[in-house]
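Worksheet: the structure to be examined is printed underneath.
In what follows, chains carry the letters A, B, and so on, assigned in the order in which the sequence lines appear, proteins first and then strands, with residues in each chain numbered from 1. Since the structure is predicted, the reported quantities are computational estimates derived from the model, not experimental observations.
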Protein chains: 2
Amino acid sequence: MKAEKGADGTKPALRERHGTARPRMADVARIAGVSTATVSRALRQPELVSPQVRGKIEAAVEHLSYRPNLMAGALASARSKTIGVIIPSMINAFFSVTLEAIEEGLAGAGYQLLIGNSHYELESEERLIASMLAWSPAALVITGCRHSRGAMRALLDTDVPIVEMWELTDNPIDTAVGFSQRDIGVAVARHFKERGARRLGFVGAMHQRDYRADARRAGFFETAQSIGFEPPAEVQLPGLPTSVRGAKAFAELIAGHPDVDAVLCTNDVVALGALFEAQRLGWSVPDRLKICGVGDVDFAAACEPGLSTVSLPRRAIGLKIAEVLRERIAGRLPTGGVHDLGFELVRRGST
Amino acid sequence: MKAEKGADGTKPALRERHGTARPRMADVARIAGVSTATVSRALRQPELVSPQVRGKIEAAVEHLSYRPNLMAGALASARSKTIGVIIPSMINAFFSVTLEAIEEGLAGAGYQLLIGNSHYELESEERLIASMLAWSPAALVITGCRHSRGAMRALLDTDVPIVEMWELTDNPIDTAVGFSQRDIGVAVARHFKERGARRLGFVGAMHQRDYRADARRAGFFETAQSIGFEPPAEVQLPGLPTSVRGAKAFAELIAGHPDVDAVLCTNDVVALGALFEAQRLGWSVPDRLKICGVGDVDFAAACEPGLSTVSLPRRAIGLKIAEVLRERIAGRLPTGGVHDLGFELVRRGST
DNA sequence: GTCGACGATGATAGCGGTTACATTCGATCG
DNA sequence: CGATCGAATGTAACCGCTATCATCGTCGAC
C-alpha cells in the first residue's frame, strides 16, 4: 500500500533558507521613531500610548511583520503565557475533551498549552511538574489529587496557581475541579439494585495504577454489600482497557460466575466489548444481563441496546478550569477551592 | 449526584506561600565556589568540567534543589527544548496516538510538547504556527500539507525544522511523514468489488473542512467508477462524526438507496453507528450489507461481526517523526524528505 | 504667572542563563 | 629551562524584552 515515491529522503525539501533575521523590538522602535519601552507598552497596554504613536508602531510592526520573542518577554516579566497540563494518558478520550475545553475556555487569551503525559505514574508526574514549573507557566493543571512527596513539595513551594482535576479532595493544594469517583460506584450499585439484579460483577483495569478507577470500584463493592448483595464477582484486564480485552475478560467473568446478571465495566470501551461478547454468547441484554459502563463516550448512545453509563463532566471540568484560571490570572480570586461538578447516571437499554 | 461539600470556594487551600525564592544558577555557583559559566557547562556539557568540580556543583544543585530557568536558557541560546505540534482535533484518537508516540520516541531527551488545536481551520493553524514559532521550538510538527499563504510564508521563513504529517506531498516544506489518503479510498473500492458488492455507498463528514477525508472520498469515488460501479450513493454528516450521527446518516442513506450493499464510512466511529443501525433494521452484515470503516480503532476488532477497516500508521507516524527529529536536532540529516508509512486494509467479518 | 498634577515617552537596569574570549596552570617538548 | 599547548575555569557581553523611574511638556487652578 505504499506509494513508490516514498523512498526515504529522496525528495528535495521545498524550503530554502532566507537568512533574514527575525526583527526585534528595537527594529520596530527605530522605524517608528520611538523607544522600545513605548513599543512594549503599545503592544501590551495600548491604552497607555497616544493614538498617533500607536499608529506608527502598528505600521512598523506590520511592515516588519514583527512577532515578539515570547521567551524574552517571559523572562523579563517572570511569567509566561503558558499553561501546563499533566494528564495520565493522551489516548483516553476523557482527558482530551477536558483539554479541548480548557483550551476553548481560554481561547483568544493567547495561552499555549504545555502538555505532559504521566502514563499514570506518580514519578513521571513528579518529573513533569518539575520541568513544567521551569517554564514559569501562568498555571499548572494536574490530574488527580494524589502525588509523590517530591511533587507535593514542588507544588506547595511554587507561586504558580495549581489546579487538581478529575477528582475531589478535602485538602486541595490550591484548587480542585472534579467529581467523586467513589460515588459513581455507589450510584451504579444502587441502580443495579433498583433494576432487580441479583448477582453483581465488575470488570476493572489497571487497578494498580489508576487509583481513580480503584475508587469507583471501592464505592461499588462497599455499596453492593451494604445493600444486600454478595461481594461482586470480579475480573481485572491485563494492561490498558480496550474493547477486545473487555470482551475477553467479560467472557471469563461469566464463565466463572454464570449467576452474574449485572456487570459494571470500568469504562465504556470495555463495556462495548462486553456488550458484543454477550451478543455473541446469545445472552440477551438487559434481560439476562445488565451492562453499565463509565464515561458516556459518544458511541454509548448509538449501541443496540443503548449502553447505560455514567456521564462524566469532562467538558465542564475544562470550562470550569478555564474560568477559574481566568480569575486567578486576572488577580481576582486569590485563593482556590473545591468544585464538585457531579456526574450523571445515564439509563439506557442495557440496564 | 453532587457531594455537599462541593460549594464553590469554601474549602481552604492547603498551600501556604513559603516565600523562598527559587535558587538561581548564581547561588549554585557561589556554594560550589565556581563561576556561573562553569555551572552552566557542568549542566549541559559535563565532560568539559573536571570531576571534582562537577561533584561540588552537583552537590550544590542537589542541596538547593536547583532547577534551571528554561526561559533564560532558551533566550540566551536562542533555542528551546520544546516541540510544537499542531493537530486538527484533540478528541480524535488518531492524533492522540501519534502525539503519544512522538512523546515516547523523544522520551528522556527532555523535550516538552507545545500542543495546538487548529480545529480543522487553516487560519487557526496560521495563528498557531506564528505563536509557536515565537517560542523558538526545536521543531514544529503540523498536520497536513495544505496551509494558508501566511502560514506558508512563516514556515518557509524560519530555520526551525518542520514536519508535515498524516499526509504526503511532492513538495514538502521540509519533511513529511504520512501515507496517501486517496489510496485508502482506492483500496476500499477495490475490496468491495472483490467481495462482490454491486452498489456502493459512502457516509462522510466535514467535507468542507477535513480535506484529508475528502481525498479518501475522491479516491473511493473515482476508483468505484473506473472499475464499473455507478457513482456511490452518498450522505454527509452534519458536524463532527459521531456514532449517533453515523447511525442516522446511514439510515438515511439506505432509505434513499435501498440497493446499496456496501458502505464506506469516513471513520470507525461512524461505521460503528452504521453497524448498530443495520442490526436494528435487521440487515445482516456482511451478507445483505458490507460495512468498512477507517482507522482500526480498538473496538473495531471487538465488534460482532468484526469491523473491516483501514489501519492507519498512527503510532508509526509519531515514532518516525521522533526519529527524524532526533537526527535533525543532533545536526545530522540536514535536509528533509517524504516518508510514506502506508496503511493496511484489515479484512474482518463486516465485509 | 507660577505650581502641581498628569499623561506620554525615554533611559536603563535587570530577568537568569549562555558562550566567545581571556586567563591560568601544569604538562610536554625541543 | 623557556616556549607551547591544552584542559579547566573565569570574565563579561549579550539574548530581547519588561518595568521602574526619570523627564518633559501641557494644562488647569489658584
| field | Which nucleotide in C:dT9, C:dC15, D:dT9 has an atom nearest any side-chain atom of A:Ala76 | value | C:dC15

| Lys/Arg-Asp/Glu bridge criterion (N-O < 4.0 Å) met for B:Glu167, B:Arg146 | no

| query | Would you say the base of C:dG16 and the side-chain of B:Arg22 have a donor-acceptor pair closer than 3.5 Å? | reply | no

| task | Remember a base hit wins even if backbone is also touched, and classify B:Val39 as base, sugar-phosphate or nothing at under 4.0 Å, heavy atoms. | result | nothing

| query | Has B:Tyr66 got a side-chain N or O lying under 4.0 Å from the OP1 or OP2 atom of C:dG16? | reply | no

| request: Could you label the plane-to-plane angle of the A:Phe94 and A:Trp166 rings as parallel, tilted or perpendicular, counting under 30° as parallel and over 60° as perpendicular? | output: parallel

| remark: Result for 5'-nearest mapping on DNA chain C, choosing between A:Thr36 and B:Thr38, is A:Thr36

| said: If you compare every side-chain N and O of B:Ser50 against the phosphate oxygens of D:dT9 (OP1, OP2), does one of them come in below 4.0 Å? | reply: yes

| Below 4.5 Å, heavy atoms only, C-beta onward: do B:Leu43 and B:Met25 meet side chain to side chain? | yes

| said: One thing to verify: whether B:Arg326 and B:Glu323 come together as a salt bridge, which I'm taking to mean a side-chain N less than 4.0 angstrom from a carboxylate O. | reply: no

| Once you round it to whole Å, what is the distance between P of C:dC15 and CG of B:Asn69? | 11 Å

| task | Remember a base hit wins even if backbone is also touched, and classify B:Ala78 as base, sugar-phosphate or nothing at under 4.0 Å, heavy atoms. | result | nothing

| query | Over how many whole Å does the gap from A:Met25 atom CE to C:dG14 atom C1' extend? | reply | 16 Å

| Hey, does the side chain of B:Arg44 come within less than 4.0 Å of C:dT19's phosphate (OP1/OP2), counting only N and O? | yes

| Separation of atom CG in A:Leu48 from atom P in C:dT9, rounded to whole Å | 10 Å

| Given that A:Leu43 and B:Pro51 both sit by DNA chain D, which one's nearest nucleotide is further toward the 5' end? | B:Pro51

| field | From A:Glu126, A:Glu125, A:Glu123, residue fulfilling side chain to side chain donor-acceptor pair (under 3.5 Å) relative to A:Ser148 | value | A:Glu126

| Between A:Val34 and B:Ser77, which has a closest nucleotide on DNA chain C that is more 5'? | A:Val34

| message | Can you see if the side chain of A:Ser40 gets near the phosphate of D:dT18 - specifically, an N or O under 4.0 Å from OP1 or OP2? | response | yes

| said: What is the separation between atom CZ on A:Arg41 and atom C1' on D:dA19, rounded to the nearest whole Å? | reply: 9 Å

